[in-house]
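Proteins come first, then strands; the chains are lettered A, B, ... in the order of their sequence lines, and each starts at number 1.
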Number of protein chains: 2
Amino acid sequence: MKETRRHTRQLKVVWDAVKDETSHPTADQIYEKVRATMPNISLGTVYRNLQKLVGEKKLKVMTLGRTQHFDPMVDRHDHFICERCNRVYDIFVNSRKKIRPPFLSRRGFKVTSHQLALYGLCKSCAE
Amino acid sequence: MKETRRHTRQLKVVWDAVKDETSHPTADQIYEKVRATMPNISLGTVYRNLQKLVGEKKLKVMTLGRTQHFDPMVDRHDHFICERCNRVYDIFVNSRKKIRPPFLSRRGFKVTSHQLALYGLCKSCAE
DNA sequence: TTTGATGCAAATCATTTGCATGGGT
DNA sequence: ACCCATGCAAATGATTTGCATCAAA
């Protein structure tokens with residue numbers, strides 16, 4: 001039961017398409033971007049490679065509505081989500097503080113990570 | 001353009017089915033529960049009434065994977081999500097503190113709410 | 001050569017929607 | 001009576017999957 005990983009052209013192209021993204025693209029947006037380089041890659045392959053990258057912890061998934069958005073794992077950050085335009089902004093709130101509520105550990109729960117999302121109106125929508 | 005609200009039997013039955021739930025049921029689970037009382041209610045109606053309750057801020061939606069879970073709005077609380085069994089636990093972390101990072105207001109962003117989720121292993125899965 | 005990865009299309013799953021009819025007001 | 005809400009079924013949208021073939025190793 002060993003995990004084999006082949007370095008395919010399509011895996012590389014998908015990774016190249018997301019690794020510097022700050023716009024939290026969807027699988028479909030990544031698909032469109034990748035098609036510029038590799039016109040007949042299939043959407044299924046994009047999905048499979050995104051999953052693989054998530055499994056390798058190189059990407060994080062965030063679900064908005066029922067659509068997944070992919071976010072390269074850089075430094076730990078949180079999100080501000082505009083309730084009007086639905087844009088997602090990366091923000092840094094107490095980024096290095098771990099949240100480990102004592103009542104949880106007392107009850108035998110192990111906290112490994114957390115995700116904070118703030119909601120409101122972004123600058124362009126507020127004015 | 002006024003919001004009309006009719007008090008239908010099905011709206012009441014759906015609300016009764018969720019209002020005291022602490023198990024974060026899905027639309028389908030609510031549908032099944034409601035069918036005990038009203039066997040030929042339709043799934044579409046359950047969805048429509050859940051939306052309505054969300055619009056009235058009586059329910060909150062949380063998406064896990066690609067499925068929505070409904071949570072009656074009681075006191076502000078956060079969530080612990082077990083990464084093994086996917087159960088959702090309500091927790092209370094600094095429940096009355098508002099998070100309003102100064103750098104956001106400085107940039108003209110208006111924060112109205114936030115949501116914190118902790119991830120890890122729950123008691124039963126950890127041992 | 002071996003066998004994991006791909007492209008394609010069909011399948012799945014949650015949710016939404018169009019439409020004729022029913023039931024609050 | 002008016003017209004919003006319902007039941008039903010078909011439609012939608014995102015994601016997954018089966019399978020024959022391709023291409024890393």
Side-chain angles (χ1 to χ4, degrees), chain A residues 1-18 21 23-56 58-71 81 86 88, chain B residues 1-18 21 23-56 58-71 81 86 88:
Chain A
M1 188 165 286
K2 59 178 306 230
E3 284 292 310
T4 321
R5 38 199 77 236
R6 287 183 182 180
H7 301 108
T8 62
R9 284 192 314 129
Q10 14 296 75
L11 174 59
K12 178 177 182 349
V13 172
V14 168
W15 173 240
D16 286 345
V18 273
E21 274 294 343
S23 66
H24 312 84
T26 61
D28 215 76
Q29 292 168 331
I30 295 160
Y31 173 58
E32 287 307 332
K33 183 170 178 186
V34 155
R35 263 146 68 78
T37 313
M38 190 180 282
N40 48 7
I41 192 172
S42 77
L43 181 56
T45 296
V46 171
Y47 271 102
R48 279 182 286 230
N49 282 317
L50 288 172
Q51 278 174 188
K52 182 171 310 187
L53 293 167
V54 170
E56 292 170 4
K58 292 172 146 189
L59 290 182
K60 237 162 73 78
V61 190
M62 58 177 310
T63 308
L64 269 86
R66 70 198 54 69
T67 314
Q68 320 205 171
H69 294 243
F70 297 86
D71 201 10
I81 297 142
N86 289 309
V88 180
Chain B
M1 189 162 291
K2 59 176 306 225
E3 284 294 310
T4 320
R5 42 198 78 225
R6 286 183 180 179
H7 300 106
T8 62
R9 282 190 317 127
Q10 8 304 72
L11 175 58
K12 178 177 183 349
V13 172
V14 167
W15 172 240
D16 286 346
V18 273
E21 273 295 343
S23 66
H24 313 84
T26 62
D28 215 76
Q29 292 168 330
I30 296 160
Y31 173 59
E32 287 307 333
K33 183 170 178 186
V34 156
R35 263 146 67 78
T37 314
M38 189 180 282
N40 47 7
I41 193 172
S42 78
L43 182 55
T45 296
V46 171
Y47 271 102
R48 279 184 286 233
N49 282 317
L50 288 172
Q51 279 175 187
K52 182 170 310 185
L53 293 167
V54 170
E56 293 171 2
K58 291 174 147 186
L59 290 183
K60 239 163 72 82
V61 191
M62 58 177 312
T63 308
L64 268 85
R66 71 200 55 71
T67 314
Q68 321 205 171
H69 294 242
F70 298 86
D71 202 11
I81 296 142
N86 289 309
V88 180

In whole angstrom, what separates [X]'s [atom1] from [N]'s [atom2]?
| X | N | atom1 | atom2 | value |
| --- | --- | --- | --- | --- |
| B/His7 | D/dC4 | NE2 | P | 16 Å |
| A/Arg35 | C/dC8 | CZ | C1' | 13 Å |
| B/Leu53 | D/dA5 | CG | C1' | 14 Å |
| A/Met62 | D/dA14 | CE | C1' | 17 Å |
| B/Leu11 | D/dG7 | CG | P | 12 Å |
| A/Tyr31 | D/dG13 | OH | C1' | 15 Å |
| A/Lys52 | D/dT16 | NZ | P | 14 Å |
| A/Asn49 | D/dT16 | CG | P | 13 Å |

Side-chain heavy atoms of [X] within contact of [Y], under 4.5 Å:
| X | Y | answer |
| --- | --- | --- |
| B/Leu64 | B/Met62 | yes |
| A/Leu11 | A/Thr8 | yes |
| A/Thr63 | A/Thr67 | no |
| A/Ile41 | A/Arg35 | yes |
| B/Lys52 | B/Lys58 | no |

Next item on the list: Look at B/Asn40 and D/dT6 and indicate whether a side-chain polar atom (N or O) is within less than 4.0 Å of OP1 or OP2.
Entry: no
Check: C/dG23 phosphate, OP1 or OP2: any side-chain N/O from B/Gln10 under 4.0 angstrom?
Finding: no
Margin query: I'd like to check the side chain to side chain donor-acceptor pair (under 3.5 Å) partners of A/Ser23; sequence neighbours left out, ordered by chain and number.
Written below: A/Glu21
Next item on the list: Kindly say whether B/His24 contributes a backbone atom to a donor-acceptor pair with the side chain of B/His69 at under 3.5 angstrom?
Entry: yes
Check: Between the side chains of A/Arg48 and A/Gln10, does any donor sit under 3.5 Å from an acceptor?
Finding: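 No, because no side-chain N or O of A/Arg48 sits under 3.5 Å from a partner of the opposite role on A/Gln10.
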Margin query: Working to the nearest 0.5 angstrom, can you tell me the gap between A/Leu59 CG and A/Phe70 CZ?
Written below: 7.5 Å
Notebook entry, point to check: With no angle test and no hydrogens, is the base of D/dC3 tied to the side chain of B/Arg6 by a donor-acceptor pair under 3.5 Å?
Noted result: yes
Check: Using the C1' atoms of the five pairs at each end, what is the angle between the end axes of the helix from C/dT1-D/dA25 to C/dT25-D/dA1, to 10°?
Finding: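 Result, rounded to 10 degrees: 40°.
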Next item on the list: Produce a footprint string for nucleotides 11-18 of chain C: one letter per nucleotide, 5' end first; B if the base is under 4.0 Å from any protein heavy atom, S if only the sugar-phosphate is, - if neither.
Entry: ---SBBBB
Notebook entry, point to check: Among D/dT6, D/dC4, D/dA25, which is the nearest nucleotide to the side chain of B/Thr8?
Noted result: D/dT6
